[in-house]
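Each remark here refers to the structure printed beneath this line.
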Amino acid sequence: MPPCSSSHVRTRFPLESHLPKSRADKRPRRPRFVSDLRYEPELIETKWQAAWERDGIYHAVEDSSKPKKYVLEMFPYPSGDIHMGHVRNYTIGDVVARQAVMKGFSVLHPIGWDAFGLPAENAAIKSNSHPAKWTYANIETQAASFKRMGFSYDWGRSVRSCDVEYYRWGQWIFLKMWERGLVERKKSPVNWCPSCQTVLANEQVIGDGVCWRCKSVVVKRDLEQWYLKITDYAQELLDDLDKLPGWPERVKTMQANWIGRSEGAEVDFELCDAGGEPCGERITVFTTRPDTLFGCSFFLLAPEHPRVREFVVGTEYETAVMTVVDRAARETAVERQMGEREKNGAFTGRFVINPVNGEKVPVWVSDYVLMDYGTGAVMAVPSGDQRDFEFAHKYDLPIPPVVVADDDALLGELAGVSERVRSDVPWETAFDGAGVMVQSGAFTGMRGGKASEGMRAVTESLAEQGRGRFSINFRLRDWLISRQRYWGNPIPAVHCPTCGLVPVPEAQLPVVLPMDIDVTKGETLADHPEFYETTCPTCGGAARRETDTMDTFTCSSWYYLRYCDARNDSAPFERDKADYWMPVDQYIGGIEHAILHLLYSRFTTKVLRDVGLIGFDEPFTNLLTQGMVKKDGETMSKSRGNVVAPEEMIGKYGADTLRAYILFMAPPDKDLEWSYEGVEGMHRWVGRVWRLVTDIAEETASGCGVAASGDTEAKKLHREMHRVTGKVTFDIERFQFNTAIAAMMELTNAAYDYRKSVPAGSRDLALLKDVAQRMTLLLAPFTPHLSEELWGVILMEPGSVHTAQWPVFDAAAAAADEVELAIQVNGKVRGKVTVPADMDQDAIVALALAEVAGHIEGKEIKKVVVVPGKLVSVVVAG
RNA sequence: GCCCGGGUGGUGGAAUGGCAGACACGGAGGUCUCAAAAACCUCUGAGGGAAACCUCGUGUGGGUUCGACUCCCACCCCGGGCACCA
């Protein structure tokens with residue numbers, strides 16, 4: 001048996017002497033030889049987690065000599081045990097953060113807890129406990145799990161939004177907004193979740209009119225509530241989406257749709273009194289189609305419109321109108337907004353004057369008009385709007401055509417006709433496209449349609465007469481932030497019978513959320529006189545403190561700024577620190593926040609910029625929305641009983657395997673289907689890497705081999721190593737973690753192949769060592785514990801692998817000196833030829849033609865295309 | 001209805017317009033073993049062929065191109081968002 005046959009006779013060398021002292025004492029019973037070391041993830045992982053914490057290697061430092069990178073994952077709601085969604089989200093962030101450190105960035109990678117919120121209250125009620133107790137206990141559990149996952153957080157910057165040290169600054173920001181006129185208290189129809197027993201913002205009503213959190217059907221209630229005037233920023237929030245090339249297109253589209261900008265005009269209609277005579281008073285509508293004004297045959301008010309009751313009370317129309325109003329009031333938001341629903345309405349007995357032609361138009365009330373969009377009043381043009389069309393048919397109202405499609409037969413009859421000669425159309429549906437204006441007075445013959453010549457001409461004409469103006473309307477509503485629940489940030493305001501609504505002065509902050517509240521009895525701040533009985537900060541008289549708390553989304557709309565200066569107790573954060581770290585370079589979280597949290601945060605950032613606290617427009621430069629983790633095609637949930645517990649997987653395979661698995665199974669933005677066999681497979685590979693590196697360590701230490709061989713096999717492995725270095729570097733940059741891991745698997749396979757085909761003793765030791773080191777470095781962001789152990793203990797390199805330098809990609813070393821070219825004849829591969837990489841084209845063509853001689857014999861060669869390094873394409877005729 | 005995604009082997013998934021199916025799972029066979037596990041090795045899109053090879057193949061139908069999973073047009077299916085927004 002040859003002396004170097006390492007697969008049978010292991011060369012042993014003592015290990016102790018190579019172990020760094022500080023680490024040596026962490027291992028109670030060390031094996032004496034490398035070959036005795038088995039891959040034991042539990043041992044390795046707990047050891048290194050403790051070491052990292054002790055050495056504080058993840059403390060972020062503002063270092064102006066380095067480029068900075070702020071990597072952030074959406075902070076979690078501490079709901080209890082972590083789930084696979086967390087594992088995926090935070091692992092992705094961890095890979096990005098760890099690689100950035102190795103690439104020489106000054107990295108901020110913080111974590112915290114979105115700790116206020118309703119589930120805590122509900123859980124407290126169930127378990128006869130207190131929301132604070134439940135929340136803090138969950139934070140402990142979850143933090144421990146995150147540590148077991150090996151995430152590289154700077155725990156020293158951690159925040160908990162339910163800590164007074166944090167939420168006091170939320171109150172402070174609220175006051176700043178108030179100073180700027182962005183806080184408003186008003187009464188209007190709002191979304192009420194009967195299950196959560198609180199109101200919701202528009203964004204928090206999702207899908208078919210259900211609560212974002214509990215999925216109950218939301219109802220409308222008329223209540224006085226607190227709002228933040230996000231609509232003041234509607235245009236900027238829309239425009240600045242263009243400043244975010246690093247955001248997924250669909251998230252930007254969703255936000256743009258949500259903001260819903262419409263260009264059009266306001267048109268003033270003069271109201272007639274009960275006797276039908278013009279009374280000088282005006283009612284204004286918003287329309288995107290002022291060009292169709294000549295086709296307005298009725299006028300509509302929303303059932304909630306404040307004038308409706310006044311118009312009909314005591315008249316013969318009262319009963320019919322109030323029936324429509326009452327019916328609409330009884331309906332839920334869902335029913336009301338069903339698109340295909342039958343429209344109901346009633347005539348009010350009143351008329352308005354159409355400003356373009358002086359016609360008297362009847363005023364109706366109808367449930368398809370929404371009070372909270374535009375002015376709650378609509379000019380109805382049944383020939384040009386499908387809803388009006390249906391309504392006109394139902395109630396037998398005229399349908400005068402005003403904009404006719406170019407190829408419509410009706411144009412033959414009406415082209416150039418400026419007076420109204422027809423009040424009906426032969427159409428099945430309304431026509432809302434672009435066309436020719438008819439029966440439209442002086443505007444007849446112009447182009448009509450959205451943003452058309454006619455639209456502008458009519459609006460200008462109205463503007464000259466003071467009866468209209470260009471206008472822009474947004475679908476976006478103001479952000480309703482008050483919540484009738486206990487576990488939230490108290491709104492710092494006082495209701496004074498003399499001074500009215502008074503902000504709590506800055507000096508009196510924070511308004512502390514009292515702890516002696518029994519939520520199990522359904523208590524809120526409104527049941528707590530010690531809290532709400534107060535004095536007015538302005539006049540000193542007896543007053544009542546506001547008892548609503550703020551929407552949790554206010555807490556999450558600025559936490560990324562607090563991380564920059566998390567322990568500041570005299571300001572939310574210091575400007576210098578925010579300037580250094582912000583904006584967030586890479587933000588990672590779920591698509592469910594495409595509107596909600598991401599829109600609120602963009603808004604808050606813009607306000608704080610205008611307050612002068614920061615100097616940038618957008619908080620998150622790049623956004624990655626990760627897909628869900630599913631089981632059997634369905635979301636994991638306790639009710640389905642298909643939950644795979646991360647803790648269990650860590651216990652069985654170790655965190656490194658779980659991390660690598662979850663990154664490998666799918667690209668990060670796609671949904672991922674959980675597979676137990678898949679984890680098993682990943683665990684096999686991790687073990688394979690371990691054995692490869694330990695075997696190489698042993699082999700190189702024994703010196704049994706050649707210093708450098710330069711033979712074909714070695715060249716192949718050398719090239720593969722460099723190719724993979726480039727691939728992994730590039731793939732992490734574009735978040736293709738799955739292919740990055742696949743590439744490392746290929747390198748592993750290549751190294752095994754090399755060791756299989758070259759006998760021990762003839763192997764290139766320098767190359768093997770290089771491969772082992774690079775593998776360890778490339779793996780570090782993915783499997784941090786394994787890499788650290790291989791780096792420090794097995795390969796005996798100094799320092800932490802996580803502060804080592806990321807391997808540099810050498811394109812020349814990755815380039816092959818021979819390439820295999822496919823030879824196509826008329827698009828089909830008919831042969832292959834291996835040539836030197838630098839061979840000139842003519843020679844390649846000659847070789848290629850000879851190779852496929854059988855396929856081109858006797859045929860005319862029409863064209864030959866050479867794609868360097870790839871193929872030769874021959875086109876023949878006949 | 002409108003706006004985004006997405007349709008590739010038994011499965012998860014790879015592919016700057018250049019050999020479709022990298023990598024992995026699963027499956028089949030083998031080595032080692034008294035045996036098993038582990039590990040290692042070989043094969044694995046479909047059809048044909050003894051084989052070299054040949055034919056077909058990325059939702060469907062067209063188009064551009066020497067060449068299309070990739071680009072263009074039309075359509076079908078799945079997922080998501082918005083939707084009585086004037």
Side-chain angles (χ1 to χ4, degrees), chain A residues 7 206-208 248-258 260-262 264 267 285-290 292 300 302 336-343 366-370 372-381 384-388 390-391 432 473-477 591-592 594-595 627 633 661 664-667 669-682 684-685 687-688 691 727 736 738-749 752-753 756 820-832 862-876:
Chain A
S7 54
I206 57 164
D208 291 327
E249 211 50 51
R250 68 171 172 149
V251 174
K252 290 190 279 185
T253 311
M254 283 166 76
Q255 292 216 355
N257 288 343
W258 188 261
R261 183 182 192 272
S262 305
V267 181
V285 298
F286 173 77
T287 177
T288 55
R289 295 295 304 277
T292 63
L300 293 164
R336 179 73 187 277
Q337 287 180 9
M338 290 296 253
E340 304 309 311
R341 190 175 138 279
E342 168 116 12
K343 297 157 179 47
S366 178
D367 53 7
Y368 75 91
V369 180
L370 307 174
D372 57 3
Y373 183 79
T375 60
V378 170
M379 60 176 239
V381 181
D385 182 288
Q386 187 58 25
R387 295 155 298 174
D388 299 345
E390 287 162 20
F391 192 83
D432 61 5
N473 230 293
F474 292 94
R475 208 187 76 100
L476 182 70
R477 298 278 86 81
I591 186 74
E592 66 273 17
I595 295 172
Y661 166 76
F664 178 68
M665 280 302 276
D669 56 327
K670 299 272 167 54
D671 285 352
L672 181 153
E673 176 66 31
W674 181 269
S675 145
Y676 286 104
E677 292 80 10
V679 199
E680 201 74 51
M682 183 52 72
R684 275 203 287 273
W685 176 63
R688 229 166 116 81
R691 286 189 299 278
K727 173 91 176 140
Q736 293 271 339
N738 54 334
T739 53
I741 292 171
M744 291 187 284
M745 288 171 167
E746 287 178 272
L747 180 55
T748 315
N749 294 344
Y752 271 84
D753 285 348
K756 190 178 66 187
E820 191 191 51
L821 301 179
I823 305 155
Q824 294 184 343
V825 178
N826 286 352
K828 286 194 196 302
V829 178
R830 295 299 185 189
K832 286 177 184 178
K862 305 202 80 165
K863 193 175 182 179
V864 180
V865 182
V866 179
V867 183
K870 297 281 184 184
L871 55 69
V872 180
S873 181
V874 184
V875 188
V876 295

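A, B, ... follow the sequence lines: proteins, then strands. Residue 1 opens every chain.
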So, under a plain 3.5 Å distance rule, would you say the side chain of [X] forms a donor-acceptor pair with the base of [N]?
X: A:K832; N: B:C19; value: yes
X: A:E820; N: B:C19; value: yes
X: A:S873; N: B:C66; value: yes

Does the structure show a Watson-Crick or G-U wobble partner for [N], both distances under 3.5 Å? Name it, or say none.
N: B:U11; answer: B:A24
N: B:G1; answer: B:C82
N: B:C32; answer: none
N: B:C19; answer: none
N: B:A46; answer: B:U55
N: B:C71; answer: B:G63

What's the gap between [N] and [M] when it is taken at their [atom1] atoms, as a whole Å value?
N: B:G57; M: B:A20; atom1: C1'; result: 9 Å
N: B:A38; M: B:G48; atom1: P; result: 35 Å
N: B:G29; M: B:G81; atom1: P; result: 47 Å
N: B:A22; M: B:G12; atom1: C1'; result: 13 Å

Sugar-phosphate only, base, or nothing, as touched by [X] at under 4.0 Å among non-hydrogen atoms:
X: A:P667; value: sugar-phosphate
X: A:F474; value: nothing
X: A:R830; value: sugar-phosphate
X: A:D671; value: sugar-phosphate
X: A:Q824; value: base
X: A:K828; value: sugar-phosphate
X: A:V829; value: sugar-phosphate
X: A:D388; value: nothing
X: A:R250; value: sugar-phosphate

*asked:* Rounded to whole Å, how long is the line connecting atom NZ of A:K343 with atom C1' of B:A83?
replied: 12 Å

_For a 4.5 angstrom cut-off between non-hydrogen side-chain atoms, does A:I741 reach A:W685?_
yes

Counting side-chain heavy atoms from C-beta on, which of [options] comes nearest to [X]?
X: A:Y752; options: B:G13, B:G18, B:C41; result: B:C41
X: A:V875; options: B:C41, B:G6, B:C66; result: B:C66
X: A:Y373; options: B:G18, B:A86, B:G12; result: B:A86

*Calculate, to the nearest 0.5 Å, the distance between atoms CG and CE belonging to A:D388 and A:M379 respectively.*
8.5 Å

